[in-house]
Amino acid sequence: MMKHVLGAKCVRCGGEYPALPDTTTCPRCGGMLDIVYDYSAIAKEVNHKVMRDRQEQSMWRYLEYLPVEGLGKRPRLRVGWSPFYRSERLAGELGLQHLYIKDDGVNPTASLKDRASAMAVVKAEEAGANTIACSSTGNAASSLAGNAAAAGFPTYIFVPSRAPKGKVSQLMIFGAHVISVQGSYEDTFRLSQQAIEQYGWYNRNAAINPYLMEGKKTVALEIAEQLHWRMTDYVALSVGDGCTIAGVWKGFKDLYATGMIDRLPRLISVQAEGCCPLNRAIQTGEPWQPMEENTLADSIAVGVPRNADKALNAIRESNGIPVNVSDQEILDAAKLLGRTSGVFGEPAGVTGTAGVKKAVELGLIPSDASVVSIVTGNGLKDTPNAIKAAGEPVSIPPEMDALLDVMEKL
Ligand SMILES: *Cc1c(COP(=O)(O)O)cnc(C)c1O
Ligand SMILES: [Zn+2]
């Protein structure tokens, strides 16, 4: 709650500012701001027993850790408190003893981005805004469109023209004003920034808005609670712009600072080989450089990551492990996860799992490690790539003879 927020601090120059509902980036240097909390005040109100008795089954279960006055008056979707599974079959296939899946693809608009968009909608109401806008590779857009539709906010949404049909269809169904931009994500982002400035819309760009990461961190709070506050050794997830991994790390650090967990996991930062500017910076020790957006995992095809400072801090502070995977490894992970666990992820959704598999194979993590793999988006958003991963079914005429012919192939 806002009474626990001390202010907003620039991650680049250290400048400190009040945390206002429409606060964006550092006025002095343009760096991203980080919301700062009074952890001893939170720790006075929250403990394991308080959480055990709490009824709320959504991301707002952790109100003490969130930068909001309250939840506003507008209706909202039920975001968060997503399923958490122990998958012994997947663990066996990966050669691991303890593997858990956090399925964030079951959120209302079917991705982890709902956590950020739900936060954006509450902050837009606090800011007295009339309209919300963003640019996105797809899921930030569809989650904003859905969460804003529930709350009655009009939205303007800029997507690169390569965004998959499943995501664009969500935007259209949720009644967003959609602008499909013939260019890269970077081009799309730049245009949206110009338009937002010109029209004065509330800005739901993770590159700008410091509250979105606070929404995303709730996935880490849930994971810790679903593990009964006994953290695993590793948490693996896919990384594009870097806001999610930064949020996940913030969530675990918040819990650690308030005595809710007694150790921090190491993060496994998984990017696509064809677009891995953040992991490359970690691996080379050089500043990050833009890369081409060369992967079928559209949600993490971000050549110019806007949350680079925060994401690199998160990976370094957690003593994290960068792992890059090929598109084929991503498709294989989609099939493996589906077949062994019944969880259907979009390519970027299963990239974390692909990274776990590769990290075990390369000996980067030991086989007795405990790992959580976050599935960040649902596979129904991108069925062409799912078919690419798993193939087409056999097709026969409606006759028993024909069935007998193909039975041994099934
Ligand atoms: C946005 C997204 C990511 C990556 O999050 P970043 O904050 O861009 O790093 C991963 N998976 C899915 C499905 C996403 O939509
Ligand atoms: Zn600054």
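When a ligand or atom number is given, it counts from 1 through the structure's own listing order. Positions are given from 1, in the same order as the sequence printed here.
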Need the ligand 1 atom indices (1-based, order shown) with element for anything under 4.0 Å from a heavy-atom of E346.
13 (C)
G240 versus ligand 1: do any nitrogen or oxygen atoms come within less than 3.5 Å of each other?
yes
Counting C-beta onward and ignoring hydrogens, is there a side-chain heavy-atom pair between M59 and E222 closer than 4.5 Å?
yes
Under 4.0 Å, heavy-atom basis, I'd like to know which part of S111 is in contact with ligand 1: side chain, backbone, both or neither.
neither
Output yes when the distance from some N or O of ligand 1 to some N or O of C243 is under 3.5 Å, and no in every other case.
yes
Report, as a single number, the protein N, O or S atoms less than 2.8 Å from the Zn ion (ligand 2).
4
Can you tell which part of I300 has a heavy atom less than 4.0 Å from ligand 1: side chain, backbone, both or neither?
side chain
Which residue from D382, T244, T376 reaches closest to atom 12 (C) of ligand 1 through any of its heavy atoms?
T376
Strictly below 4.0 Å, N to O, side chains only: are R162 and E293 in salt-bridge contact?
yes
Lys/Arg-Asp/Glu bridge criterion (N-O < 4.0 Å) met for E214, K250
yes
Below 4.0 angstrom, N of the basic side chain to O of the carboxylate: do K49 and D53 qualify?
yes
Mind jotting down which residue pairs meet the ring-ring contact (aromatic ring centres under 6.0 Å, His included) criterion with at least one end in residues 226-255? Sequence neighbours excluded, please.
H48-W229
How about L237 and V270: do any of their side-chain heavy atoms sit closer than 4.5 Å?
no
What part of N139 sits under 4.0 Å from ligand 1 if we count only heavy atoms: the side chain, the backbone, both or neither?
side chain
Looking only at atom types and distance, does a side-chain atom of T155 sit under 3.5 Å from a main-chain N or O of I132, one as donor and one as acceptor?
no
Work out whether the distance between some heavy atom of K381 and some atom of ligand 1 is less than 4.0 Å.
no
Would the Y100 and F84 ring centres measure less than 6.0 Å apart?
yes
Can you check whether V235's main-chain N or O pairs, donor with acceptor, with R266's side chain at less than 3.5 Å?
no
Output yes when a side-chain donor or acceptor of S111 lies under 3.5 Å from a complementary backbone atom of G377, and no otherwise.
no
For K216, the ligand 1 atoms whose distance to one of its heavy atoms is below 4.0 Å
7 (O)
Should you measure from each heavy atom of G377, which atoms of ligand 1 turn up under 4.0 Å away?
13 (C)
Ignoring angles and geometry beyond distance, decide whether G242 reaches within less than 3.5 Å of ligand 1 through its nitrogen or oxygen atoms.
yes
Do NZ/NE/NH1/NH2 and the carboxylate oxygens of K167 and D298 come within less than 4.0 Å?
yes
